[in-house]
2 protein chains.
Amino acid sequence: MTPSGPQADEIFRAIADPTRRAILDLLAERDLSVGDVAERFDMTRPAVAKHLKVLSDGGLIAVEVRGRQRINRLNAAPLADVVGWLNRFEGFWNDKLNTLKQEVERKHD
Amino acid sequence: MTPSGPQADEIFRAIADPTRRAILDLLAERDLSVGDVAERFDMTRPAVAKHLKVLSDGGLIAVEVRGRQRINRLNAAPLADVVGWLNRFEGFWNDKLNTLKQEVERKHD
DNA sequence: CCAATATGAAACCTTGTGGTTTCTTATATA
DNA sequence: TATATAAGAAACCACAAGGTTTCATATTGG
């Protein structure tokens, strides 16, 4: 059972693209207008605007219209779905880490 | 700064597709051959095989050749990269959760 | 050895995705 | 009010992605 609904797909899709992950990283530091974001990437503003749209579709950013510019603000809450999905694998990499730890400890005897 | 290297992209890409996430969910329960996996989806075996390839490229499954069948085993370790990337947003949704908690507590007064 | 089985591989199709350019619209400001 | 600026919208393009069908190959079991 994968996270609920069509929303999850949009979130996973949103973070699948490296540019979009980088945008989220930027917005984690400060709110930025579309143009501000576009300035920091080697691509045109419309391209960046599309990425912002995808992020918005995933609910990962909120857009505040301020005069003629749109300020994009990070909304990390939906990422909790990703964390939730990852949680079910925690046992697996804990097992791995435990195995590793045990091996290290055995070598230290 | 997004997770390091081209590997991260492959991991994020691998988990972006709902079918592939479902496959990982399956493999979390037991190891399965290609055919075993394909049986549980409404698509042809080659299609499933391609998904398994993507998962393998991301290092998320290990394939053990056993006679004429390939047994796919989950390897969740690379998902730690995703967790690592998500960690930087922890402050954000903790803030959110805290806000929520405070509101609930205020209402309970 | 022969037939069935499990899979890989290649060719192909349709749609989605990430990007561009160009044009329009709305808001600030000199 | 005329002009700069910020952004949305639409048309277009190349390539990646997800799927199919068909064929080839290796192993297993009678």
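In what follows, chains are A, B, ... by sequence order, proteins preceding strands, each numbered from 1. Keep in mind the model is a prediction, meaning the values are calculated, not measured.
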| request: Would you check if B/Leu60 and B/Asn75 make a side-chain contact, meaning some heavy-atom pair closer than 4.5 Å? | output: no
| side-chain contact (heavy atoms from CB on, under 4.5 Å) against B/Ala62, all qualifying residues, sequence neighbours excluded | none
| Hphob cluster co-occupancy, A/Val83 + B/Leu24, side-chain heavy atoms under 4.5 angstrom | yes
| said: For B/Arg30, give me all partners under salt bridge (Lys or Arg N to Asp or Glu O under 4.0 Å), at least two apart in sequence or on another chain. | reply: none
| said: Walk me through whether A/Ile61 and A/Ile23 qualify under side chain to side chain contact (heavy atoms under 4.5 Å, CB included). | reply: CA-CA 10 Å; A/Ile61 62 177; A/Ile23 290 175; 5.8 Å; no
| field | Expected output: side-chain A/Arg13 to main-chain A/Gly58 donor-acceptor under 3.5 Å | value | no
| Residues within residues 31-40 of chain A bordering DNA chain C, heavy-atom distance below 4.0 Å | none
| Given atom CD of A/Glu10 and atom P of C/dG16, what is their separation to the nearest angstrom? | 14 Å
| query | Once you round it to whole Å, what is the distance between C1' of D/dA17 and CZ of A/Phe12? | reply | 19 Å
| query | Under 4.5 Å between any side-chain heavy atoms of B/Asn72 and B/Leu55, yes or no? | reply | no
| query | Could you give the CG-to-P distance, from B/Leu52 to D/dA17, as a whole number of Å? | reply | 16 Å
| Side chain proximity check, B/Asp25 to A/Trp85, heavy atoms < 4.5 angstrom | yes
| Taking side chain as C-beta onward, heavy atoms only, is B/Leu52 less than 4.5 Å from B/Arg70? | no
| query | Using the purine O4'-C1'-N9-C4 or pyrimidine O4'-C1'-N1-C2 torsion, is C/dA4 syn (within 90° of 0) or anti? | reply | anti
| said: Same cluster or not: A/Val48 versus A/Val54, using hydrophobic residues (I, L, V, M, F, W, Y) connected whenever any side-chain heavy atoms lie under 4.5 Å apart? | reply: no
| field | Five-pair end axes of the helix from C/dC1-D/dG30 to C/dA26-D/dT5, angle between them (10°) | value | 30°
| For atom CD of B/Gln69 and atom C1' of C/dA4, their distance in whole Å | 14 Å
| request: Determine, for nucleotides 18-30 of chain C in 5'-to-3' order, which nucleotides have protein heavy atoms under 4.0 Å from the base (write B), from only the sugar-phosphate (write S), or from neither (write -). | output: SBBB-----BS--
| note | Residue pairs meeting salt bridge (charged side-chain N to carboxylate O under 4.0 Å, His left out), one or both in residues 54-64 of chain B, sequence neighbours left out, come to B/Lys53-B/Asp57, B/Glu64-B/Arg66, B/Glu64-B/Arg73
| said: Please report the distance, rounded to the nearest Å, between CD1 in B/Ile71 and P in D/dT27. | reply: 15 Å
